[in-house]
Amino acid sequence: MDPVRNPYAPGAGQRPPELAGRDRELRQFEVVLERVARGRPERSMIVTGLRGVGKTVLLNAFRSMAIQRLWGTGKIEARPDQSIRRPVASALHRAVRELAPRHRAPDRIDAFLGVLKAFAQAGEEPSGASKARAHRWQPGIDVPAARGRADSGDLEIDLTELFVDAASVATDVGAGIALFVDEMQDVPADDVSALCAACHELSQVGGPLIVVGAGLPHLPAVLSASKSYSERLFRYARIDRLDRESADHALLAPAEREEVTFTQDALDALYGAADGYPYFVQAYAKVVWDVAPGSPITADDIKVAAPEAESELAVGFFGSRYERATPAERDYMRAMAMLGDDPVPTAAVAEELGRKPSSLSPARDGLIKKGLIYSAERGMIAFTVPHFGTFLRSQPG
């Protein structure tokens, strides 16, 4: 069929043509927005799940919903060993710029921007070389940095003051601000603590600013380790593979808009191949469309397309991650794979490799830092990528 008309879109964070199976989460966020708009107490929201289940897509959908309500929004992607100070400053700068045209007092906006500039400049140099104020952050803010507000150099104090001031600006225009944080499990531990403290303060004063995070399944544990009250601070939504009805809808709805459909056998085969994971659904469907001679797409078309789809996944989805690992880390992952696809005890991995558990700590910690595995619970580990064990077992030793 015509590849130009191919509606399927496998990509990192790329919205699929049909956002299927996420109605519950979208309704939950609609409630959050509505309650905040009415001045009701509401928690910020955290979305968790494995790679490829659509966390970033859902985060972007939430952001679109906030924008439709004329909220100010900003988004950051956390990175290991990088403070969130400047990314948050940039994100809130964008959010307040969206609100500024509706504010009746330009001086009030300028005052906030002065605080924002001071906040960004209060952090250390990226190299860690020196004190705070030697560097002059240049975000395009023409007002001078304020003094005595959000500029102490203590991120917990500064972030709390910045959030409170940003929420006050939003209150002035009868709107809210939403800060979206992707890969939230990578926020450094001290910064996670500061972020939780700032959200806690906002929840007590009722400020219309929410933080919406997305991350791997162990993110709730990361938050809980930083502040004991974090489980009460956020509304958690765990997303996983699509059920059969939703997976079929994700395939059929965009195809039918192009006057194409699938036989039931084809849908059965695609669900078996993709296992309901949204990224895999898009990846298989895109190749199937390109190889199928016409509508309806049949199970035979799936058989022809499957090897090519699997080859693309092996290189782009699995292989690119595998290549990031050191030889020792690869040995560790292969041992995990040999033990099955469920979370496995770290002691069992050590036994599989014939090593002492303590000697494997560097490999395990390196894989966690690279986002390839996570600690499902104390003493247990699992792959962050669905079907990664199957991929590893298929590779030559």
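Here the structure is a predicted model, which is why all the values come from computation and not from measurement.
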Determine whether a donor-acceptor pair (N or O, by modelled atom type, separation under 3.5 Å) exists between the side chain of [X] and the backbone of [Y].
X    : Y    : result
K55  : T48  : no
R79  : D186 : no
S311 : P307 : no
S203 : H200 : yes
T160 : E156 : yes
S228 : S224 : no
Y374 : L219 : no
S230 : L223 : yes

Heavy atoms only: give me the nearest [X]-[Y] pair and the separation to one decimal.
X    : Y    : result
A167 : L209 : CB-CB, 4.1 Å
A9   : P17  : N-CD, 4.2 Å
P106 : R104 : CD-O, 3.5 Å
A305 : V291 : CB-CG2, 3.5 Å

Flag if over 12 foreign heavy atoms under 6.0 Å of [atom1], [X]:
X    : atom1 : answer
R35  : CZ    : yes
M65  : CE    : yes
E259 : CD    : no
E351 : CD    : no

Taking the side chain as every heavy atom from C-beta outward, state whether [X] and [Y] have any pair of such atoms under 4.5 Å apart.
X    : Y    : answer
F119 : L155 : yes
L313 : F280 : yes
Y322 : Q395 : no
V173 : L70  : no
P217 : R238 : yes
S44  : F234 : yes
V96  : F112 : yes
I157 : E161 : yes

**Asked** Can you name the residues that form a side-chain contact (heavy atoms from CB on, under 4.5 Å) with R5, not counting sequence neighbours?
**Response** D2, E258, W289
**Fill in**
For E310, the side-chain contact (heavy atoms from CB on, under 4.5 Å) test, sequence neighbours excluded, returns Y284, A306
Charged N-O contact under 4.0 Å between [X] and [Y]:
X    : Y    : result
K369 : D81  : yes
E201 : K227 : no
E42  : R235 : yes
R257 : E18  : yes
R63  : D182 : no
K286 : E312 : no
R147 : D151 : no

**Request:** Using the salt bridge (charged side-chain N to carboxylate O under 4.0 Å, His left out) rule, take K303 and D265 through it: C-alpha gap first, then chi angles, then the decisive distance, then the call.
**Result:** CA-CA 11 Å; K303 290 179 184 177; D265 287 347; over 6 Å; no
**side-chain contact (heavy atoms from CB on, under 4.5 Å) evaluation trace for L360 with R364** = CA-CA 6 Å; L360 295 173; R364 184 191 66 238; 5.7 Å; no
**Request:** Any chance you could lay out the side-chain hydrogen bond (donor to acceptor under 3.5 Å, both in side chains) test for R51 and Y277, step after step, and finish with the verdict?
**Result:** CA-CA 9 Å; R51 304 284 184 197; Y277 286 103; over 6 Å; no
**Asked** Taking atom types as modelled, is there a side-chain donor on S168 or D165 under 3.5 Å from an acceptor on the other?
**Response**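 There is no such pair between these side chains.
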**Request:** Go through V315 and S320 one step at a time and tell me if the side-chain contact (heavy atoms from CB on, under 4.5 Å) criterion holds.
**Result:** CA-CA 6 Å; V315 173; S320 60; over 6 Å; no
**Request:** Kindly indicate, with the supporting measurements, whether the criterion side-chain contact (heavy atoms from CB on, under 4.5 Å) is fulfilled by V349 and L339.
**Result:** CA-CA 8 Å; V349 177; L339 295 169; 4.0 Å; yes
Flag yes if [X] and [Y] sit in one hydrophobic cluster, no otherwise; membership is Ile, Leu, Val, Met, Phe, Trp, Tyr, and two members link when side-chain heavy atoms are under 4.5 Å apart.
X    : Y    : result
V304 : I297 : no
V187 : L202 : yes
I84  : M45  : no
F62  : L233 : no
L367 : V222 : no

**Request:** Sequence neighbours left out, what pairs pass ring pair (Phe, Tyr, Trp, His ring centres under 6.0 Å) with at least one residue falling in residues 148-196?
**Result:**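 For residues 148-196, and leaving out neighbouring residues, there are no ring pair (Phe, Tyr, Trp, His ring centres under 6.0 Å) pairs at all.
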Sequence neighbours left out, cut at 3.5 Å: what donor-acceptor pairs do the side chains of residues 378-385 make with other protein atoms?
{"from": "T384", "atom 1": "OG1", "to": "G371", "atom 2": "O", "distance (Å)": "2.7"}
{"from": "T384", "atom 1": "OG1", "to": "L372", "atom 2": "O", "distance (Å)": "3.3"}

**Item:** Worked check of side-chain hydrogen bond (donor to acceptor under 3.5 Å, both in side chains) between D190 and S193
**Value:** CA-CA 5 Å; D190 289 346; S193 181; over 6 Å; no
**Message:** Just verifying a value: how many Å separate E183 CD and L59 CG, rounded to the nearest 0.5 Å?
**Reply:**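 CG of L59 is found 10.0 Å from CD of E183.
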**Message:** Does T298 form a side-chain hydrogen bond (donor to acceptor under 3.5 Å, both in side chains) with D301? I'd like the steps, not just the answer.
**Reply:** CA-CA 5 Å; T298 68; D301 299 328; 3.3 Å; yes
**Request:** Can you run down the salt bridge (charged side-chain N to carboxylate O under 4.0 Å, His left out) pairs that involve residues 383-395, sequence neighbours left out, and say none if there aren't any?
**Result:**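 For residues 383-395, and leaving out neighbouring residues, the salt bridge (charged side-chain N to carboxylate O under 4.0 Å, His left out) pairs sorted by first residue read D341-R393.
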**Asked** Which residue pairs satisfy the salt bridge (charged side-chain N to carboxylate O under 4.0 Å, His left out) criterion with at least one member in residues 21-32, sequence neighbours excluded?
**Response** E30-R69
**Charged tip of R321 within 45° of F317 ring normal and under 6.0 Å** = yes
**Asked** Are L179 and I210 close enough, and set up right, to give a side-chain contact (heavy atoms from CB on, under 4.5 Å), and what steps lead you there?
**Response** CA-CA 6 Å; L179 173 65; I210 58 172; over 6 Å; no
**Asked** Taking it one step at a time, do D158 and R85 satisfy salt bridge (charged side-chain N to carboxylate O under 4.0 Å, His left out)?
**Response** CA-CA 9 Å; D158 295 348; R85 183 181 287 268; 3.2 Å; yes
